[in-house]
Amino acid sequence: MSSSLLSSTTRGSSKQMLPFRPVELAPLPIIDLSYLNHQHSLCRSIMLETIGKACKEMGCFQVINHGISRSVMKEALEAALDFFESSADEKEALESNDVRKPVRYGTSFKDGNSESRCFLKQYAHPLQEWIPFWPTSPPHYREKMGKYAVEVRRVALQLINAILESLGVDTANLNNQLEGGMQVMAVNFYPQCPKPDLMLGFPAHYDYGCLTILHQNCQGLQIIGVDGEDWEAVPEFPGALHVHIGDHMEVLSNGRYKSVLHRAVLNPEEKRVSVASIYGFPMDEKVTAAKEMVDEQHPRRYKESSFRDFLDYIDINDITEGKSFIDSLKLTNT
Ligand SMILES: O=C(O)CCC(=O)C(=O)O
Ligand SMILES: [Fe+2]
């Protein structure tokens, strides 16, 4: 990112983005998802407690035994890499700065080199509606990425339900919105960079949705640690998926769980590919604090907003330059 700092209204604001310094590994809890479906209800309640603690203390965790096969995971990353390394024609055809386009390719080589990323944003649910707009090259892209999209959505819904349950929110009322909710996949490519101290892959930002599930081929994602001060590297465990809370979960929980400030650094040894799958409510559904999260002692802390409102916001504000959607939702009287 240019030499810029995050704005003073943004959490983690005092952190200068560059120069890059060596960072510690984030001590992220690893959650075994198979226990969520365990017949023994005690197992399930221990899992919910663990997930709730991770969300409250760190805003993120990793999941294993999520049911997505290694081959589906591997092939999704291969399809992504093949797309970025395919000829320029298809990428150019998909290139757009219009944040409202359901499928678009872009690059963010800013300020003569301080940020370096190519991305493909694609809507993924309902899959049959959007897949015809996905890249046709490489020829296996739609099939391989499509398989991963379906699987990772299943995991996301399971996790969103578990996170809401950990807060004591009755999810029955939200099921329709969640089932028909947005799934946006940000497929990212970062070049290998011998000098990662001079350039970021993706500057600090929050994700808008309820939840992001990130799948990466090598380390590069960083989060602001529990101290709210220092960047920490998210470890890359084979087969594990990284999960973090987004803006709309912060709103639903009325601030009990916080959206996670994160960024991606470049890898000096290899090119990096990541697939960030973001889950939220339907495009025009206004998200507000769950009723169980609001009482006299805990008044509503955020304005209601929809995914469309987020798009309107990023159309005129650069969230990688210190502007944050979640800050714009905060009610001033709380
Ligand atoms: O590539 C990464 O590790 C982060 C990607 C990300 O934050 C995003 O796509 O929103
Ligand atoms: Fe992100």
Side-chain angles (χ1 to χ4, degrees), residues 1 6 10-12 17 20 23 25-26 28 59-62 73 76-77 80-81 83-84 99 103-110 115-124 145 148-149 152 156 182-193 196 199-224 231-237 240-250 258-268 270-280 307 310-311 313-314 317-326:
M1 172 155 158
L6 289 170
T10 307
R11 287 194 296 274
M17 309 313 296
F20 174 87
V23 295
L25 276 187
L28 295 185
C60 46
F61 51 90
Q62 307 224 335
M73 291 178 72
L77 292 180
L81 188 60
F83 166 73
F84 288 113
V99 297
V103 180
R104 68 185 180 103
Y105 170 79
T107 56
S108 53
F109 297 101
K110 279 196 190 165
E115 177 187 337
S116 184
R117 175 177 74 115
C118 303
F119 62 86
L120 177 71
K121 290 258 169 81
Q122 55 187 28
Y123 290 8
M145 196 57 89
Y148 176 72
V152 76
M182 300 289 300
Q183 177 181 9
V184 181
M185 299 173 93
V187 187
N188 302 297
F189 173 86
Y190 307 92
Q192 176 202 3
C193 176
M199 198 186 304
L200 273 174
F202 197 155
H205 66 281
Y206 302 93
D207 290 343
Y208 94 91
C210 292
L211 191 79
T212 298
I213 300 187
L214 188 112
H215 177 27
Q216 52 179 347
N217 70 330
C218 61
Q219 212 167 288
L221 178 66
Q222 296 187 345
I223 55 161
I224 285 286
W231 288 103
E232 291 178 347
V234 167
E236 196 262 324
F237 294 120
L241 291 166
H242 169 82
V243 180
H244 62 233
I245 297 291
D247 295 347
H248 272 164
M249 188 60 84
E250 177 166 338
K258 297 283 194 297
S259 193
V260 172
L261 188 62
H262 58 284
R263 68 180 188 179
V265 296
L266 299 171
N267 193 303
E270 50 188 319
K271 45 196 162 199
R272 178 164 178 268
V273 190
S274 72
V275 182
S277 307
I278 300 181
Y279 294 83
F307 180 58
F310 169 74
L311 293 177
Y313 183 84
I314 59 168
N317 295 286
D318 187 345
I319 55 164
T320 63
E321 289 286 353
K323 294 278 171 33
S324 95
F325 181 57
I326 188 70

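Counting convention: from 1, in listed order, for ligands and their atoms alike. Owing to the predicted nature of the structure, the values given are computational and were not obtained by experimental measurement.
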Checking His205, His242, Gln222 against His262 for side chain to side chain donor-acceptor pair (under 3.5 Å), the one that qualifies is His205
Is there a ring pair (Phe, Tyr, Trp, His ring centres under 6.0 Å) between Tyr208 and Phe325 once you walk through the steps? CA-CA 7 Å; Tyr208 94 91; Phe325 181 57; 7.6 Å; no
State the atoms of ligand 1, each with its element, that fall below the 4.0 Å cut-off from a heavy-atom position in Asp207. 10 (O)
So, Ser274 side chain and Gln216 main chain: donor-acceptor pair closer than 3.5 Å or not? no
CG of Leu214 to NE2 of His244, rounded to nearest 0.5 Å, is 7.0 Å
To the Fe ion (ligand 2), the closest N, O or S atom belonging to Asp207 is OD1
For the atom pair SG (Cys193) and CE (Met199), what is the distance rounded to the nearest 0.5 Å? 4.5 Å
Atoms of ligand 1 less than 4.0 Å from Leu214 heavy atoms? 2 (C), 3 (O), 4 (C), 5 (C)
Provide the atom name of the closest N, O or S atom of His262 relative to the Fe ion (ligand 2). NE2
For the Fe ion (ligand 2), find the closest N/O/S atom on His205 and give its atom name. NE2
Main-chain N/O of Ser259 paired to Glu250 side chain as donor or acceptor, under 3.5 Å: yes
heavy-atom search around atom 8 (C) of ligand 1 in the protein gives Phe202 CE1, 3.4 Å
What's the separation between atom OH in Tyr123 and atom CD in Gln183, rounded to the nearest 0.5 Å? 12.5 Å
Got an N/O contact under 3.5 Å between Arg117 and ligand 1? no
For atom 5 (C) of ligand 1, what's the nearest protein heavy atom and its distance? Asn188 ND2, 3.4 Å
Polar atom proximity, Gln216 to ligand 1 (N or O, under 3.5 Å): no
Rounded to the nearest 0.5 Å, how far apart are OH of Tyr190 and OG of Ser116? 10.0 Å
Atoms of ligand 1 under 4.0 Å from any heavy atom of Tyr190, numbered from 1 in the order shown, are 1 (O), 2 (C), 4 (C), 5 (C)
Find all atoms of ligand 1 within a distance of less than 4.0 Å from any non-hydrogen atom belonging to Ala276, and give their numbers and elements. 8 (C), 9 (O)
With no hydrogens and no angle check, do the side chains of Asn267 and Arg272 hold a donor and an acceptor under 3.5 Å apart? no
Residue Ala264 vicinity, atoms of ligand 1 by number, heavy atom under 4.0 Å: 1 (O), 2 (C), 3 (O)
Has Phe119 got any heavy atom lying under 4.0 angstrom from an atom of ligand 1? no
Protein contact to atom 3 (O) of ligand 1 [nearest heavy atom, distance to 0.1 Å]: Arg272 NH2, 2.7 Å
If you measure from each non-hydrogen atom of Arg263 to ligand 1, which part falls under 4.0 Å: side chain, backbone, both or neither? neither
Ligand 1 to Ala186, heavy atom cutoff 4.0 Å, flagged ligand atoms 9 (O)
Counting from 1, what ligand 1 atoms have a heavy atom of His262 closer than 4.0 Å? 7 (O)
Hey, could you give me the CZ/CZ distance between Phe83 and Phe189, rounded to the nearest 0.5 Å? 11.5 Å
Note: ligand 1 atoms sitting under 4.0 Å from heavy atoms of Ser274 are 1 (O), 2 (C)
Between NZ of Lys258 and OH of Tyr206, what distance do you get to the nearest 0.5 Å? 10.5 Å
